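Take a look at the structure below.
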2 protein chains.
Amino acid sequence: MEPVFEFSIDFASVGPNGRMHRLHEQLRAAILDQRLLPGAELPSTRRVATAYGIARNTVIAAYDLLVAEGYVVTRAGAKAVVADLGARPAARRRARLEDDRLNPQWRLPAWTTTSHATDAWTPGFRLGTPEHRHFPFDIWRRLLARAFNSRHPASFGYQDPHGRPRLRAAIAQHVSFARAVACSADDVVVTSGAQQAFDLLARVLVTPGRTKVAIEDPGYPPLRTAMAAAGAQLVPVPVDDEGLRVDQLPNDVRIVYVTPSHQFPTGVAMSMPRRTALLAFARRHGAVIIEDDYDGEFRYGNRPLDALQTLDRDASVLYVGTFSKSLFPSLRVGYVAAPAWAREALAAVKECADTTGNVQVQDALAHFILDGHLARHVRKMRKVYAERRQAMLDGLAQELHPWLQPIPSEAGIHLSTSYRDAGDVEATRWIMSKVRQHASGAQSISDFAMNNTHDMGIVFGIGCIEADAVRDALRRLAVSLKRR
Amino acid sequence: MEPVFEFSIDFASVGPNGRMHRLHEQLRAAILDQRLLPGAELPSTRRVATAYGIARNTVIAAYDLLVAEGYVVTRAGAKAVVADLGARPAARRRARLEDDRLNPQWRLPAWTTTSHATDAWTPGFRLGTPEHRHFPFDIWRRLLARAFNSRHPASFGYQDPHGRPRLRAAIAQHVSFARAVACSADDVVVTSGAQQAFDLLARVLVTPGRTKVAIEDPGYPPLRTAMAAAGAQLVPVPVDDEGLRVDQLPNDVRIVYVTPSHQFPTGVAMSMPRRTALLAFARRHGAVIIEDDYDGEFRYGNRPLDALQTLDRDASVLYVGTFSKSLFPSLRVGYVAAPAWAREALAAVKECADTTGNVQVQDALAHFILDGHLARHVRKMRKVYAERRQAMLDGLAQELHPWLQPIPSEAGIHLSTSYRDAGDVEATRWIMSKVRQHASGAQSISDFAMNNTHDMGIVFGIGCIEADAVRDALRRLAVSLKRR
C-alpha cells in the first residue's frame, strides 16, 4: 500500500486508545517542522484510515484536534489544508506551553490572538478602541460611589448569575430603543464583555468535535478562539459587499456567527436580502445565529437595517452587545439577549465560569443607562467619530485616491479601505509597509483572514485618533507613497 | 446473549458515529425515568460493548458523558453507579434546558449548584459570606475614584490577560507575607474570583474524557461543576480529621483538589504528614495539586501549617486565592499563583474567557493592598470573627453539648460540628430540622457530599451573624431540642 504521508507515522506501542493522540502528535510535529508545508492538502480521513489500518473516527478526531488548535484549516466542500503558522506570533510560544500536564488543546493555542492585549499601547489608528477623553468620568465616579450606598448585604454577596436585575432591565430598554431589538429584562444575561458572551455561547451551543460553526472570513479572531476552544469545527465563509455569502453556507452548519451592522473588519452592512436568506437558512436547518453588534450604535447614514434579532421569528438569534465601544473596554460589561431556550443553560455556564460580575460596576452602569447618560454619551461620540471618519474619507478621496478607496460602510469606529489595484501584490505590500510607518495601528484586512488570503485592503481605527491627526497622518502617508 | 440492561437499547438506524450518543441518550432517559435507580451499578463497559457488538471506546465515551453530566458517579476502584438526582434541585430544570440546539452537557447540568446565587438572601448562619458592615467603604470609594485619575489611554483599553501589573505585584507581596507562599508578581494570574480560577484551571489541565480529578468528599460543589464542565472524570476521595485520605488516591489521578488550611466544609486542617504524602504522590505520579486557600487568612490558633505551595519543590501546586472572604464576594477578584509551565496557557484561556478583568477595580485593589488597608482589615475582622466563633464554641460546649460537638478547626469563617450520636439517623434528621428552624443558613455537611452520604454533621457560617445573634440562636435551638 502506498504511504499517504511522505514521512512515517509510528503506531507501535500504543493501544487503540492512544492512536488518536499518536496520530495527532506526529502530524503536529510534521507541521511544526515544515515536513508538511502551509497550504498542503491533507489526505482524506478514509485514505489515512485504510493506509494505517485504524478506525476512520480516530483519524477524524485527530484532524479535528489539529483544526481546533489552528494547525489545519478546513474550507466548505474542500480538503483540509495545513495552516500558515508562520504568520501567527503565537506559534513562537510553543516551547513554553509544551508541558504534558496541560490539556493538549492549550499547549499551543496557535489560534489565540494577543493583538490588543499584550502589546505596548500604541495610539493612532488602533482598532476597536474608543475615545475615552470625552467620557463623563465625574458622573461615572459619582454613580460608582453611590453603588456602595446600598448596604443591603446581598449587594456584597454572591449574585444571580444572569446579572443584576436593574441592569438587565436597563439593557433591555437601551437595546429596544437604540437597536429595535425585541427584548425584555428576562432575556438579558450580563457578561464580562462580548468576549465572555462568545465564550459562554460556545460552551453551551457547541458539542465538542461535532458542531460546525460558520464564521466570517475575514472575521473577528477572538470569536474563533472561543469557538475552537469549545471544540467547534470552524467553517470560514467569505464576505462580500453585502456581508456573509449565505449561499456558501454548508447545510450541516449549526451556528452562524455574523456582524451584520458593521462587518468586522471590512465594515460592510449585511444587505436585507442576505439577512432574510440567513434567517431562512437558520429556519430550514435548525441552525442558530450569533449576531455580534459591537459598535452599531455609531452610525452615520440613514436609518439602519433592522437587527437580525428584530427580524427573527424562530428564536434562532442570540444577540450580543457590549459597552466596550460605547463606554470603554476595560469596563468589561457586555450582554446576550437570548431566546428562552438558551437562557438557563447560559446562566448555568456563567455561574460555572465566574459566578457573576462585579456588582457595583453593574449597579453604576444601570443608573448610567436609566438616567440617560449612555444615550447622551453615544450622541456626543457619534459627532466626534463622524468628524474623524469624514477626515478619513476626505483623505481617501483626495491625496490617497491613487492607492486606496473606502469600502462602503455606515457605522462603527473603524473604516476599511480596499486597494485600487489589488492584483499587484508587490504594490499592495509596499503600500501596507508605508501605512505601518505613517499610520500606526492600522492593519491589513488579511490579518483577520483564515482562508481568504487574498490581500483585500487596510482597516483604520478611528476611535482614538483626533480628526487633525487623521489628516496629518494621511498627508504624510500620501507623500511617502508618491516617492516610489 | 443475556441482556445487560433490563430495558432495550436500540441502535437501529444509527451509524457508527451516532452510537455513542444513542447509548448516552437511552441511559440518560432510563436514569431520569428511574428505570435505573440511584445507587444501581452500571455493567462494565466491556460487558456492554460485547452485548451490543459495539466498540468499548463508544461505551466509555457514553459513560464519561453521563459522569460529566452528573447522572453517574464513579468511585475509586469500584463500578460506576447511578447518581441520586432526586436530591438535586437542578434536576427539576430539565424541561427548560432540553433543547437540541444546546450542547448535551449543558442541557441538564445536574451538578450545577444554585445554592448561593439564586436564592433570596437569607442572613444568619449563611456559608461563605463575610461581614460587610466593617468594610472601609470610604477608603474603597476613594481608591476606586482615584483609579480614574490615570487618564492613560491604556487604562481604558484592553489589557494584559494576566491582570494589572501593580495588582499582580501587590498580590504576590500579600500572599508571600500572609501565607508564606513563594511567589513573585510574574507568577500571579488575576481572575474573576476563585470560581474563574477553577474554571480556567479545569480548561487548561483537563483533557476532556481522559483526566481523572480527585476531589474532597464532602467538598466544594462549584469546583466539581468546573471540573465536570471541562470533561473531567471526578473521583471523590473521603476526608477525615487530618484532611484528604491521600492513601485512597487512585494512581491514575492527574489533578488533586484540596482545601488544606480549612477543609470545605468540615473545617479540618490537613495534617503535615498528609501534606508531605500528597506532595510525594504528585511527584511520583506527575499529578498536579490545586490548593484552594479561600479563607485561610482568618486563623485563630497557633502559627498555621505551611501552604502546600510553600512546601512544593516540583512546581506541582497551583495556589488559588480570593478576596471574596477577606473583602467581599461581589468584588469578584481572585487569583492563581501558578508555576511557570502553566502560566501562558492560563493567560491564553483567560483571554479566551473574557479578555481581562475590570481595570479600575484591579487598580483600586492594588492600592488597597499596597497601602496596608487589606492587612489592617483582615486583622480587624479576625477579632470580629473570633468573637463569633467563640460564641459558637461556647454554645456547643454548653447548651448544645448533648447533640453536637465542634469539629476541630483553627481558621475560617465557618465552623462545622458533628453529631454526638451520628448512628441514630432519625435523631440526626430531627436535629437538622430544628437547626433549619432556629439557625437559618446552616447546612447539613451531607449537602456537600457526593458518595459519602453518611450524615456527618452540620456546618454553621459565622461570617455575617453577630456574636449576640449566635448566642440567641443556639439558645433557642437548645430549648427546642430539649422538647423531644
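Letters A, B, ... mirror the listed sequences (proteins, then strands); counts begin at 1. Remember, predicted model here, so these are calculated numbers, not experimental data.
Residues satisfying the ring pair (Phe, Tyr, Trp, His ring centres under 6.0 Å) criterion with A:Phe323, sequence neighbours excluded, are A:Tyr335. Listed by chain and number, the residues in a ring pair (Phe, Tyr, Trp, His ring centres under 6.0 Å) with B:His285 are B:Phe281 (sequence neighbours excluded).
For the set A:Gly286, A:Gly334, A:Gly357, the count of heavy-atom pairs under 4.5 angstrom toward chain B peaks at A:Gly357. In terms of heavy-atom pairs under 4.5 Å with chain B, the best-connected choice from A:Glu131, A:Gln360, A:Gln196, A:Arg141 is A:Arg141. Ranked by heavy-atom pairs under 4.5 Å with chain B, the list A:Val361, A:Asn358, A:Val359 is led by A:Asn358. Options A:Pro329, A:Ala55, A:Ser316 differ in how many heavy-atom pairs under 4.5 Å they form with chain B, and the most are formed by A:Pro329.
Under the 4.0 Å criterion applied to side-chain N and carboxylate O atoms, B:Arg203 and A:Asp199 are assigned as salt-bridge partners.
At least one side-chain heavy atom of B:Phe148 sits under 4.5 Å from a side-chain heavy atom of A:Leu144. B:Leu102 has its side chain within reach of A:Trp341: a pair of non-hydrogen atoms, C-beta onward, lies under 4.5 Å apart. Using a 4.5 Å heavy-atom cutoff, the side chains of B:Thr211 and A:Arg101 are not in contact.
The ring of A:Phe328 has its center no closer than 6.0 angstrom to the ring center of B:Tyr158.
Only the side chain of A:Lys325 comes within contact range of chain B, judged by heavy atoms closer than 4.5 Å.
Judged purely by distance below 3.5 Å, without hydrogens or angles, the side chains of A:Arg210 and B:Asn103 never pair a donor atom with an acceptor atom.
When each of B:Thr355, B:Asp354, B:Thr356 is checked for a side-chain hydrogen bond (donor to acceptor under 3.5 Å, both in side chains) with A:Arg332, only B:Thr355 meets the rule.
The line from SG of B:Cys352 to CZ of A:Arg224 is 13.0 Å long, rounded to the nearest 0.5 Å.
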